[in-house]
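The next block holds one structure in the form of structure tokens; read it before the comments.
We count ligands from 1, going down the list as the structure has it; atoms in each ligand are counted the same way. One is the number of the first residue; the rest follow in order along the sequence.
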Amino acid sequence: MALPSLVLRRCVSSSAPANVIKHVTVVGGGLMGSGIAQVAAQNGQDVTLVDVNDAVLSKSRGIIETSLKRVVKKMFKDNPADGEKLVQETLEKIKTLTDVNEAVKETDLVVEAIIENIDLKQKLFSSIDEIAPDHTIFASNTSSLSIGEIASVTKRKDRFGGLHFFNPVPVMKLLEVIRTEDTSDDTYQKMMAWGQAVGKTCITCKDTPGFVVNRLLVPYMSEAVRMLERGWHKKFPDEPLFKPSKLMKKLVSEGKLGRKSGEGFYKY
Ligand code: NAI
């Protein structure tokens with residue numbers, strides 16, 4: 001779903017300090033974790049990717065390689081040798097490990113992308129909290145769990161936030177940066193700067209269910225299903241959800257149709 005520009009504009013941070021995160025540990029090498037590791041390495045970060053066994057990690061590496069080859073095929077149409085060099089250099093930036101405690105000993109950021117289970121996520125963070133350096137920021141890629149609740153088992157609630165990517169990570173530009181009530185300004189700024197450094201458009205979200213995109217998307221999809229159940233809108237002239245808002249009517253009557261006419265909520 002394309003996000004309404006109104007929402008995005010309100011949330012996009014205009015400035016963020018330079019990125020200070022140089023090494024990221026991605027825990028979980030599935031669909032999301034592989035993509036996160038790829039975009040980080042592609043943008044010059046040193047990455048350690050962790051999963052439960054070498055077979056999974058080998059599959060993750062294969063997925064990343066295939067995806068990288070797709071990226072460079074477009075970028076280096078006339079010079080495939082340079083493209084192949086870039087693939088190899090990027091892959092070299094990604095180390096894989098099955099021991100998460102070993103992985104977090106020297107890292108600036110941990111991005112967790114394991115399965116969506118709060119007990120498992122809390123167990124993981126509680127264990128690595130004892131081992132990771134003090135400055136290390138912890139982040140979860142959870143779609144539906146509370147970041148604050150996950151962070152509650154650690155002693156670094158101020159250095160904990162959410163980094164919610166979208167699938168497929170190498171393609172989707174948006175990154176939701178979630179701050180809890182305890183996330184410090186410094187941590188938030190560092191997460192924003194890192195998100196931008198790995199090529200994403202970052203928006204700030206509160207730690208509320210669904211953050212921004214899923215909060216809009218889920219009711220949108222549910223409404224589509226309800227619409228199918230109900231039949232079409234002409235049969236329901238009194239349904240408040242279908243009535244145009246006063247503001248929308250005013251803008252349309254003034255010919256302010258958005259990009260099409262050069263002005264809508266904004267001037268283009
Ligand atoms: P997935 O099932 O593809 O990958 C999860 C990986 O975590 C698996 O490879 C599994 O072996 C590994 N794992 C499980 N426990 C582990 C542990 N203790 N230590 C290390 N690795 C462990 O799941 P997917 O789709 O990548 O989702 C991961 C997270 O990202 C979830 O929290 C999900 O809600 C979130 N997310 C998923 C999106 C999607 O479209 N699939 C979009 C945005 C967020």
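- Atoms of ligand 1 lying under 4.0 Å from any heavy atom of T142, numbered from 1 in the order shown and given with element: 32 (O).
- Relative ring orientation between F138 and F125 is described as tilted, the plane-to-plane angle lying within the 30° to 60° band.
- The other residues sharing a hydrophobic cluster with V52 are V56, where clustering joins ILVMFWY side chains under 4.5 Å apart.
- Atoms of ligand 1 found under 4.0 Å from any heavy atom of H164 (numbered from 1 in listed order, with element): 43 (C), 44 (C).
- Remark: distances from the non-hydrogen atoms of V56 to ligand 1 include one below 4.0 Å.
- The closest heavy-atom contact to atom 11 (O) of ligand 1, among the options I128, L57, I115, D51, comes from D51.
- Residue F165 approaches ligand 1 through these ligand atoms, each under 4.0 Å from one of its heavy atoms: 42 (C), 43 (C).
- More than 12 heavy atoms of other residues, nucleotides or ligands sit less than 6.0 Å from atom CD of Q88.
- In the vicinity of G30, heavy-atom distances shorter than 4.0 Å reach the ligand 1 atoms 3 (O), 4 (O), 6 (C), 9 (O), 26 (O).
- In terms of protein heavy atoms, atom 35 (C) of ligand 1 is closest to N141 O, 3.3 Å.
- Panel note: side chain D207, backbone G148; a donor-acceptor pair is recorded below 3.5 Å.
- More than 12 heavy atoms of other residues, nucleotides or ligands lie within 6.0 Å of NZ in K22, so this atom counts as buried by the packing criterion.
- Atoms of ligand 1 found under 4.0 Å from any heavy atom of K121, numbered from 1 in the order shown, are 31 (C), 32 (O).
- Panel note: side chain T90, backbone Q42; no donor-acceptor pair is recorded below 3.5 Å.
- Of all the atoms in ligand 1, the ones that sit under 4.0 Å from a non-hydrogen atom of G28 are 7 (O), 21 (N).
- Ligand 1 has no nitrogen or oxygen under 3.5 angstrom from a nitrogen or oxygen of L124.
- Atom 27 (O) of ligand 1 has as its closest protein heavy atom M32 CG, 3.9 Å.
- The shell of residues lying under 4.0 angstrom from ligand 1, judged by heavy atoms, excludes V100.
- Short contacts between ligand 1 and V27, defined as distances under 4.0 Å to a heavy atom of the residue, involve ligand atoms 19 (N), 20 (C).
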